[in-house]
Amino acid sequence: MPGLEDLYREIILDHYRNPRNRGELESPPAHRAEGFNPLCGDEIVVTLLVDGDTVTDLKIGGQGCSISQSSASMMSAAVKGKSVAEARGLVKAFKAMMSIHEAELDSDGEPDEVLDPEAEPGAKLGDLEALRGVVKFPVRIKCATLSWNTLVNALDDLES
Amino acid sequence: MSAGPMNDSRTNDSRTLDVATIRADFPILEREFNGRRLVYLDSAASSQKPRQVLEAMDRYYETTHANVHRGVYQIAADATHQFEAGRAALARFIGASDPEEIVFTKNVTEAINLVAHSWGRTHLAEGDAVLLTEIEHHANIVPWLQLQQERGIELRYIPVDDDFELDLTDLDRLLDGVKLVGITAMSNVLGTIPPLRRIIDAAHAAGALVLVDGAQWVPHLPTDVAELDCDFFGFTGHKMLGPTGIGGLWARREILESMPPFLGGGEMIRDVRLDGFTPNDIPWRFEAGTPPIAEVIGLHAAIDYLDALGMDAVRRHEVELTTYAMEHLTGRFGDRITIHGPADPTTRGGVLSFAFGDLHPHDISQVLDQEAVCVRAGHHCAKPLMRRMGVGATARASLYLYNDESDVDALGEALASASDFFAF
Ligand SMILES: Cc1ncc(COP(=O)(O)O)c(C=O)c1O
């Protein structure tokens, strides 16, 4: 069985205890999306402001476990100041990091080429790599991806 | 014991549970993870199954399986006999005098949906009110919300007070114009046992029928639907040592007879012509298609197992263990632990929802899993109650007849590890 240290890396606990970009921007003008994890009751609210093509501000509201909250916090830090296209690239790279290992877990096969985060040009996960251990705890993958799916909804809202 | 209306008159039975012997009947409890024995504290979600249940189902498949109610040959007749014997055993177990008042369903959720779909769509029209409570499981809320969308019925809720008991101050006003009251016999989050008899009497005086969700009651306390005087009573087999896929609805004969079939097909008909059909008698009218035969037989074995222990003894054991758990956990962790739900273990069930420091329930459950301690984390399918409590989720440890003080101690140890790990 994988150890707790694989899951709860120090940087994750740091983001959990001191979440970055916490709160909610006034909407409108901010774009707003809510995400729920129906299994555990976690809720995430993403509000973001875009100027031209740049995500100039982004805040995270809601409540949840250390994995969902730290993932949201790290996401906010990674996305703020990036272009919308770069933000979408990060989403892809992050989800790839989650699902590559999801696939490995059940097949023990080679990582799927298409899902390789390195294949996502310009997407540097940085601190977010700390969440890689989550894939060893499949039940928690949904916690880690909640804020990212919510971000996608907010970006879709922006572009529609 | 003053837990409710169903268990006061038969306390001559002073048996106690021999948990060590009981545990030996449950193969899964022999499993180990990382050298630690499985500590199963999630029976409110689903109970484990004794060998006797598993063997009864195997024996049936190995010796007697055939479809029921149809065959003339020996094993088909035996299968039918065993299936209907399960119905009779269940009726006796819950205090129903007539086995034909028991409809088999796949779980309590389906039992409640049967009431909403069949009784509700026949007897409820726009503006009619249904009274529920704030502590209901989604299974006893959503079918009524669906009927609200479809029919425009009005839904009302009995509120829960700050001591986690139902607030009945306004009961008479809430009951005004109500056609049906839907209420749980025990909260799966708080362990709260509402004063059912009082509510049922008031509902009847106001001209309403009462549906009781017995999912958390039947596994843990003696049940007597006649004494309770309710009109519908649902239960679910997998929480009472039985297999998954089997539950049921009890209702008084004249009520069942007033209800049209829910699902159509084989088994539920008396006659079919190309231009119409005549439904079968109750309860088969509500059991379209091949039923879960082995599951009924497994549930029968579960009932025999519970009967042999005695439900009074089961209840006494759980009250003692709940008392121990509440004292042990609050003694060890002080105000770092908050146990939600009524404070008096003699008036509540062994369902302990708790908050621990500022740890999220999901994280608590994860750390506990490292020590093979199984507790649930989440909203327990009671989101309206969670909102009322002002929490998104709780961790929940629930006790059953195979648990003892060593399981509670293991929970305490695992919580101490969680506290160390997250350094608070
Ligand atoms: C009070 C209550 N009602 C209904 C249910 C639903 O049970 P089932 O899923 O077996 O239909 C449960 C169990 O989860 C419960 O605790």
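Order of the sequence lines sets the chain letters (A, B, ...), proteins ahead of strands, with each chain counted from 1. Any value given below was found using the heavy atoms of this structure, including those in side chains, with hydrogens, waters and symmetry copies removed.
Annotation: side chain of B:D363 is in contact with side chain of A:R140 (closest heavy-atom distance under 4.5 Å).
Heavy atoms closer than 4.5 Å to chain A are found nowhere in B:V391, neither backbone nor side chain.
The environment of B:K106 atom NZ is sparse: at most 12 non-hydrogen atoms of other residues, nucleotides or ligands sit within 6.0 angstrom. Crowding of B:E30 atom CD: a count of heavy atoms from other residues, nucleotides or ligands under 6.0 Å exceeding 12.
Rounded to the nearest 0.5 angstrom, B:Q366 CD and A:S66 OG are separated by 8.5 Å. Expressed to the nearest 0.5 Å, how far CZ of A:F36 lies from NE2 of B:H379 amounts to 10.5 Å.
In this model, no donor atom of one side chain and acceptor atom of the other lie less than 3.5 Å apart for B:H362 and A:D42.
The list of side chain to side chain donor-acceptor pair (under 3.5 Å) pairs with a residue in residues 50-59 of chain A, not counting sequence neighbours, reads A:D57-A:K80.
Residues from residues 14-25 of chain A that place a non-hydrogen atom less than 4.5 Å from a non-hydrogen atom of chain B comprise A:Y16, A:R17, given in numerical order.
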